[in-house]
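Inspection log for the structure reproduced underneath, given as structure tokens.
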Number of protein chains: 2
Amino acid sequence: MATGRASDRAYETLRREILQWRLAPGTVLGEVEQATRLGISRTPLREALSRLAADGLVETQTGRGLVVAAVSPDAVRGLFELREALETAAAALAAERREPTVFAELAERFDGAADLVEQGDLDAYYALVARFDDAIDASLDNAYLVAALRGVRTHLQRIRRLAYDDPARLVRAASEHRTIAEAIRDGEAELARTATYVHLRASLRHIRSTPHLDAARPKESP
Amino acid sequence: MATGRASDRAYETLRREILQWRLAPGTVLGEVEQATRLGISRTPLREALSRLAADGLVETQTGRGLVVAAVSPDAVRGLFELREALETAAAALAAERREPTVFAELAERFDGAADLVEQGDLDAYYALVARFDDAIDASLDNAYLVAALRGVRTHLQRIRRLAYDDPARLVRAASEHRTIAEAIRDGEAELARTATYVHLRASLRHIRSTPHLDAARPKESP
DNA sequence: CCGGGTTTCATTGTATACATTGAGAGAGTG
DNA sequence: CACTCTCTCAATGTATACAATGAAACCCGG
């Protein structure tokens, strides 16, 4: 343990805690307080906080210093507007790149993913989605777009904790992912774009349909 | 002078110098060297460098520390793929917001912008484009999307120095902007999206048609 | 009881001293 | 002559001490 740079460890720790709702939105992050808690000095902690601010996970609240960013229905709308712009474009570009082998395999995996979900192996399903995202990123060969997608996925992780883990939804999501993967495999850019659009709207509808924990409340660790 | 935080001043100064090609791509930014030059200590300088790295203006080169990010034809492609995704979505969303007054005025201004360019008042034209961008941002009401757009525009400033200030192109660009503003004014989302797509492709074609200063060379300040 | 000014003190911003790392020079050997 | 191992040192990473800022508490006059 305690490997690598202290600022990196602090960044990873705080990031994880924020995404897991261990640090609730609105929590004030005092420098001395957090540095003491993490067992490092203020200098590397400040660097970690800078990076979190660049990610949009913490914000400077007037006077009170840095606080964990809020998660409001309005923020969800904004995030999905950005997500739609980025992911539809990414799917279309990936299809145009014509690298079918990876996406052919992913399409088959998504075909069997409903079984995974129904057997309760949600982690395996999420790992498959992560592989799909990685395949998209690799085929894009575009550092700017990949960086923007990474930022969206970061914030999405936090929102997922409000709504996900509904097997019925995940079975449908797997089917949607399969459609997208097949379109990319076949080089059908417009189909990939539209299928992504359909998937994202279904995802947003599902999130909005669940009882909102609008108030910021910490959540048990899994 | 010397107002505000030292880290802010260092960030603004370095950012400006990078965008103006005063600091050429590939330039190594040693901490002690830059801190001495800017008359501050290493602590606030490091904070400024962190923010520049988050912006993508500087990158960590293995071993040699931080260097000013490269500008390659591949980077231009990547930036325009992201720009297309963001700006077409932004134009469509702005049209859907139905706030015609600002864009009606901007459309009229762009109608007269050809005269500005032909009279050589390029700064007035660029100021008009900046007002247009601000109007889009304001109507979006979406912090995530606006932040992503800001990042794209930052990198675009650096690329513009390779190619722009061609009056013939700017006259056509003004016409394209007018078309977009009118579409937003009239609430025609798909037209706004498509007109933006046309504008960006013309802009990219123009940049690619100019003799490339691929090698990183500093440019005189204006 | 209320408003305004002042003081205090916690918190952030900055400087500097110390620790650590890794790249390059140099010597030694096959 | 090439290769490798070690050594050196300049650079970054970290800790801590000091400065400055601003928010809350408190006092005092009205």
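Each chain gets a letter, A, B and so on, in the order the sequences are listed, and its residues count up from 1.
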For this session: Drop me the distance from A:Arg193's CZ to A:Glu96's CD, to the nearest 0.5 angstrom.
Result: 7.5 Å

Exercise. Looking at D:dT16, does its base get a donor-acceptor pair with the side chain of A:Thr43 below 3.5 Å?
Worked result: yes

Exercise. Does a side-chain N-to-carboxylate-O contact under 4.0 Å join B:Asp134 and B:Arg131?
Worked result: no

Problem set entry | Whether A:His177 side chain and A:His199 backbone form a donor-acceptor pair below 3.5 Å | no

Exercise. Do A:Arg42 and C:dG13 share a donor-acceptor pair, side chain to base, under 3.5 Å?
Worked result: yes

Problem set entry | Between D:dA15 (C1') and A:Arg5 (CZ): distance, integer Å | 17 Å

Problem set entry | For atom CG of A:Leu29 and atom P of C:dT11, their distance in whole Å | 13 Å

Exercise. Rounded to the nearest Å, what distance is computed from the CD atom of residue B:Glu47 to the P atom of nucleotide D:dT14?
Worked result: 15 Å

Problem set entry | Value in whole Å for how far the C1' atom of C:dA19 lies from CD1 of A:Ile40 | 16 Å

Problem set entry | Separation of C:dG22 C1' from B:Gln61 CD (nearest whole Å) | 15 Å

Problem set entry | Below 4.0 Å: OP1/OP2 of D:dG13 and any side-chain N or O of B:Arg46 | yes

Seminar exercise, completed: In whole angstroms, the gap separating C1' of D:dT21 from CD of A:Glu31 amounts to 13 Å

Exercise. In whole angstrom, what separates B:Gln34's CD from D:dT12's P?
Worked result: 10 Å

For this session: Check every strand shown and say whether A:Gly30 touches a base, only sugar-phosphate, or nothing at a heavy-atom separation below 4.0 Å.
Result: sugar-phosphate

Exercise. Could you give the CG-to-P distance, from A:Leu45 to D:dG13, as a whole number of Å?
Worked result: 16 Å

Exercise. Parallel, tilted or perpendicular for B:Tyr125 and B:Phe110, by the 30°/60° rule?
Worked result: perpendicular

